[in-house]
Amino acid sequence: MHCAIQKAEVLDGAHLMQILWHDGTESFYPAVWLRDNCQCPDCYLDSAKARKFLVESLDVNIGIKDLSFDRKRVLITWPSEHTSEFEAEWLKKRCFSQQAREKLQRELFFPECQYWGSELQLPTLNFEDVLKNDEHAYKWLSSLKNVGIVRLTGASNKRGEVLKLGKRIGFLYLTFYGHTWQVQDKIAANNVAYTTGKLSFHTDYPALHHPPGVQLLHCIKQTVTGGDSEIVDGFNICRKLKEKDPRAFQILSSTFVDFTDIGVDYCDFSVQSKHKIIELDDKGEVVRINFNNATRDTVFDVPVEKVQPFYEALKHFVDLMNCEESKFTFKMNPGDVITFDNWRLLHGRCSYEAGTEISRHLEGAYADWDVVMSRLRILRKTLQNRN
């Protein structure tokens, strides 16, 4: 009943359509928006879910010539005698009220965010279940979006498992380190991750202007002592920093920092970028952390008087991450795959001893959030259609 039309009429000199629904709510639709979104075959390619109607052909001052309706649809005639038909459910979903817009945005972008610290209960699923079962795959990706990290157990102890997860979501994100990359102690390492030393909290690849959104790490071999993984919820740390030191938060969310990565791997590369360490959206909400101390450039493009305040702000940010109540420490076992939000989580690693043979081996890969979110929406629709 909530999508049944009780009444539809034209207002504001034919420039606005009002619908009164059977559930007692009302919606308003500008005529220009209705004409722009005509769903007829001349204006809309249904097979591609794409608009054919051109802005060049749109009269932005257009009015509605005639309007008719029943419980399930509205039929509009325009001054050119072109007609547009709109289903009630389609219109209701796109209501311009704040409540309706917020509801649709939640459905489209899964914005819920569960903050955590050392008390984290690490979401864990079976690797094979995620590959074969849509409900488990949906739980994997929805938890990844909400919590920021999911552990998958039961993968084999050989290379290639992250490639299977890439196919499960769509495809992986190619970087200068390849489609996948091997985290292990290497001679003349071209990345600090390829050593046995401690890795401080960081996000991967801020040297790119569009850092990969999701990281996948598969444990193939684990050292007996050391090599523990550490993670921290960067969004939660930003929230704490803003409360405790608003000036530091302002500095880190407004200062562009130079990052660099130079070397040879999948091919030779010389990468430069500029990022704010705390990236905000137009509402002032944190949407991405860009911080890797190893690849933070010696070049710093700020006036000299801003250098010291920046370091003070950065030190406070890092100190908050390293508080015992902020970080979660665990050890990956062979066959574990951790998948996490590289825009939100900062991760690190305890040092371990070098030996004559490789004692610790992880295979890593990246995925783009657009690819992950695409699969998440498709899985949700698939499961809804089954119920």
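Looking only at distances, a side-chain donor or acceptor of R168 sits under 3.5 Å from a matching main-chain atom of V130. For the pair T255 (side chain) and I251 (backbone), a donor-acceptor distance under 3.5 Å is present. Remark: side-chain polar atoms of R349 are paired, donor with acceptor, to backbone N or O of A193 under 3.5 angstrom. In this structure a side-chain-to-backbone donor-acceptor pair under 3.5 Å is present from S273 to A207. Under the 3.5 Å distance criterion, the side-chain polar atoms of E363 are matched with a main-chain donor or acceptor of G160. With N385 contributing its side chain and K381 its backbone, the two residues share a donor-acceptor pair below 3.5 Å. In terms of modelled atom types and a separation under 3.5 Å, the side chain of R380 and the main chain of E107 share a donor-acceptor contact. Put simply, the side chain of H275 gets close to the backbone of P206: a donor and an acceptor are under 3.5 Å apart.
Of the charged side-chain nitrogens involved, none lies within less than 4.0 Å of a carboxylate oxygen, so that E312 and K315 do not count as a salt-bridged pair. Between E87 and K93 there is no salt bridge, since no side-chain N of the basic residue sits under 4.0 Å from a carboxylate O of the acidic one. Ion pairing between D36 and R51 holds under the 4.0 Å rule for side-chain N and carboxylate O. Salt bridge present: K49 and D46 bring a charged side-chain N and a carboxylate O closer than 4.0 Å.
You'll find the side chain of D185 stays beyond 4.5 Å of the side chain of R360, heavy atoms only. Y177 is listed as a side-chain neighbour of D261, based on a closest heavy-atom distance under 4.5 Å.
Hydrophobic clustering, with ILVMFWY side chains joined whenever heavy atoms are under 4.5 angstrom apart, groups L125 together with Y138. L216 and L208 fall into different hydrophobic clusters, defined by Ile, Leu, Val, Met, Phe, Trp and Tyr side-chain heavy atoms under 4.5 Å apart, directly or through other members.
If you check the side chains of E325 and S118, you find no donor sitting under 3.5 Å from an acceptor.
A search for salt bridge (Lys or Arg N to Asp or Glu O under 4.0 Å) contacts involving E81 returns K65, not counting sequence neighbours.
The cationic atom of R35 (NZ for Lys, CZ for Arg) lies less than 6.0 Å from the six-membered ring centre of F53 and within 45° of the ring axis.
No option in V232, V318, V286 other than V232 meets the side-chain contact (heavy atoms from CB on, under 4.5 Å) test with I237.
Across P79 and I62, no two heavy atoms sit closer than the pair CD-CG1, 4.2 Å. Taking all atoms of both residues into account, the shortest heavy-atom contact from Y366 to T175 is CD1-CG2, 3.6 Å.
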Residues 336-348, side-chain donor-acceptor partners within the protein, below 3.5 Å, at least two apart:
unit_1	atom_1	unit_2	atom_2	d
D336	OD2	N333	N	3.0
T339	OG1	W140	NE1	2.9
T339	OG1	V150	O	3.1
D341	OD1	W343	N	2.9
D341	OD1	R344	N	3.3
D341	OD1	W369	NE1	3.1
N342	OD1	D204	N	2.8
N342	ND2	D204	O	2.9
N342	ND2	P212	O	2.9
W343	NE1	P211	O	2.9
W343	NE1	P212	O	3.4
R344	NE	D233	OD1	3.0
R344	NH1	N146	O	2.9
R344	NH1	V147	O	3.3
R344	NH2	Q114	O	2.7
R344	NH2	V147	O	3.4
R344	NH2	D233	OD2	2.8
H347	ND1	H202	O	3.3
H347	NE2	H202	NE2	3.2
H347	NE2	D204	OD1	3.3

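Within 6.0 Å of the CD atom in E112, the count of heavy atoms belonging to other residues, nucleotides or ligands exceeds 12. Shown here is K158, whose NZ atom has no more than 12 heavy atoms of other residues, nucleotides or ligands within 6.0 Å. With a 6.0 Å radius and a threshold of 12 heavy atoms from other residues, nucleotides or ligands, K92 has its NZ atom above the threshold.
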